[in-house]
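See structure below.
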Amino acid sequence: MREGTNHISTYTEQQDKLLDSACGNCTNQNCLIQKNINTPNIGKLVKARKEIKCKKGQQFIMEGASVTGLFFLLSGKVKVLRTGLHGKEQIVRFATPGEIIGHRGFGTEETYPISAIALVDCTLCYFSKELLQETLRETPSLTYDFMLFYANELNRSEIRVKSLSQMTVRERVIDTLLYINRKFGQTNGYFSLLLSRREYADYAGTTEEQVIRMFSILKKEGLLTTKGKRIGISNITLLKKEISEHNFYLDS
DNA sequence: CCATTAAGAGTGT
DNA sequence: ACACTCTTAATGG
């Protein structure tokens, strides 16, 4: 371990080769690095890749901390949040493997505007800001993919502004349920990702109590199934129908 | 394995 | 938002 890199271990040449091939063999098709693995100049970046293991509940990006690099989620599930005034968390988005985390701090920003917390054990790929910038200048196809990613993120965030400002609590809770379902899917009739009612509220922009009450209403209406922390959608068509006039484009 | 305890889910005010 | 009860999961002997 070296000074200043106490949470990131230093790698030997041999380990570098392993990591190199790890990137090449990575099954993560959503990863922009992996997508451009055959373009020139990317080798240096891939070699400098650091793998970071993150335990459940661990925070790996702190809001306000100075930006050192970007993270790519290799495996696991992450919540990205912004802390509001009275310590209230606003979950900005959830991340699945292949997604970039910390990208808003990239470029001219000096500090991360968000925090990122692992929801389950995670593996992250880390690249330093400097090297990534250098690679982007030399690699148009990667830069283009990044641009598409940023454009898409901006679009998503604008949709979200509309959701939070124009939807009722009921609609926002339903929107949240559909989002979690789209993103993580269901196994055995329940969402694959376990979230507390508080976390549903933090995404939907409500309080825990409102979410709990809305869940029991939806349950009575036969739209939702709950069993402890487990949440399942029992009638997706009806749920989608309720918010269809808000985001008619979003059906997939 | 059971008992204790802590955390989170529900509900009424 | 707060206070309270109930349920479930975690801990430890």
Side-chain angles (χ1 to χ4, degrees), chain A residues 7 52-65 73-97 99 101 113-124 160-243 246-247:
Chain A
H7 64 295
I52 296 170
K53 297 272 185 189
C54 220
K55 289 199 185 110
K56 179 180 179 178
Q58 198 177 340
Q59 182 166 356
F60 59 92
I61 297 179
M62 179 80 79
E63 191 173 339
L73 187 58
L74 179 60
S75 69
K77 291 153 189 176
V78 169
K79 67 172 169 181
V80 178
L81 55 98
R82 199 179 269 270
T83 312
L85 233 58
H86 307 287
K88 170 124 181 86
E89 290 184 355
Q90 173 62 55
I91 296 181
V92 177
R93 63 186 248 262
F94 291 91
T96 48
E99 289 190 47
I101 301 157
I114 48 88
S115 293
I117 299 173
L119 292 168
V120 295
D121 290 357
C122 287
T123 310
L124 296 151
R160 211 141 148 64
V161 169
K162 187 194 164 190
S163 301
L164 289 171
S165 61
Q166 296 187 3
M167 283 179 157
T168 64
V169 171
R170 182 185 170 103
E171 286 165 341
R172 293 207 297 270
V173 169
I174 291 175
D175 188 52
T176 305
L177 290 167
L178 291 173
Y179 169 67
I180 297 297
N181 183 52
R182 260 203 318 282
K183 197 121 198 176
F184 300 97
Q186 304 192 59
T187 42
N188 305 323
Y190 297 104
F191 291 150
S192 308
L193 174 66
L194 280 179
L195 291 172
S196 67
R197 313 283 142 135
R198 155 81 77 181
E199 285 168 320
Y200 283 102
D202 287 346
Y203 184 84
T206 356
T207 61
E208 189 182 357
E209 289 95 328
Q210 296 229 64
V211 167
I212 290 171
R213 282 171 220 275
M214 196 49 70
F215 277 5
S216 40
I217 289 170
L218 293 173
K219 203 174 165 181
K220 278 190 193 119
E221 294 175 9
L223 300 166
L224 205 69
T225 321
T226 67
K227 190 179 182 186
K229 277 190 87 173
R230 300 223 159 248
I231 313 291
I233 290 178
S234 29
N235 196 329
I236 192 153
T237 319
L238 276 175
L239 281 179
K240 276 183 180 171
K241 207 175 162 190
E242 279 206 44
I243 58 162
H246 287 284
N247 30 8

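Throughout, protein chains are lettered first and strands after them, A, B, ... in sequence-line order, and every chain is numbered starting at 1.
- Looking at the side chain of A/Ser196, the nearest of the listed nucleotides C/dA1, B/dT11, B/dA9 is B/dA9.
- Under a 4.0 Å N-O distance rule, the pair A/Glu199/A/Lys77 does not qualify as a salt bridge.
- When the C1' atom of B/dG10 is taken as reference, atom CG of A/Leu218 falls 15 Å away, rounded to whole Å.
- Checking the phosphate oxygens (OP1, OP2) of B/dT11, no side-chain nitrogen or oxygen of A/Arg213 falls inside 4.0 Å.
- Only one option out of A/Lys88, A/Arg82, A/Lys79 pairs with A/Asp202 in a salt bridge (charged side-chain N to carboxylate O under 4.0 Å, His left out); it is A/Lys88.
- Using a 4.0 Å heavy-atom cutoff across all strands shown, A/Glu209 reaches at least one base atom of the nucleic acid.
- In this structure, CG of A/Leu224 is placed 14 Å from P of B/dA9, rounded to the nearest angstrom.
- Atoms CD (A/Gln210) and P (B/dT11) sit 15 Å apart, rounded to a whole Å.
- Summarising the geometry, the separation between NZ on A/Lys227 and P on B/dA9 is reported as 16 Å, rounded to the nearest angstrom.
- For A/Leu194 and B/dA7, the CG to P distance is 18 Å, given to the nearest whole Å.
- Classified by interplanar angle (parallel below 30°, tilted 30° to 60°, perpendicular above 60°), the ring pair A/Phe191/A/Tyr200 is tilted.
- Look at NZ on A/Lys219: it is 13 Å from C1' on B/dT11, rounded to the nearest Å.
- Per the geometry, CD1 belonging to A/Ile217 stands 10 Å off P belonging to B/dT11, to the nearest Å.
- For the pair A/Ile212 CD1 and C/dT5 P, the interatomic distance rounds to 17 Å; values are reported in whole Å.
- Closest approach of A/Thr83 to A/Glu63, counting heavy atoms only: N-OE1, 2.9 Å.
- Side-chain proximity of A/Thr226 to the nucleotides B/dG10, B/dA9, C/dA1 is greatest for B/dG10.
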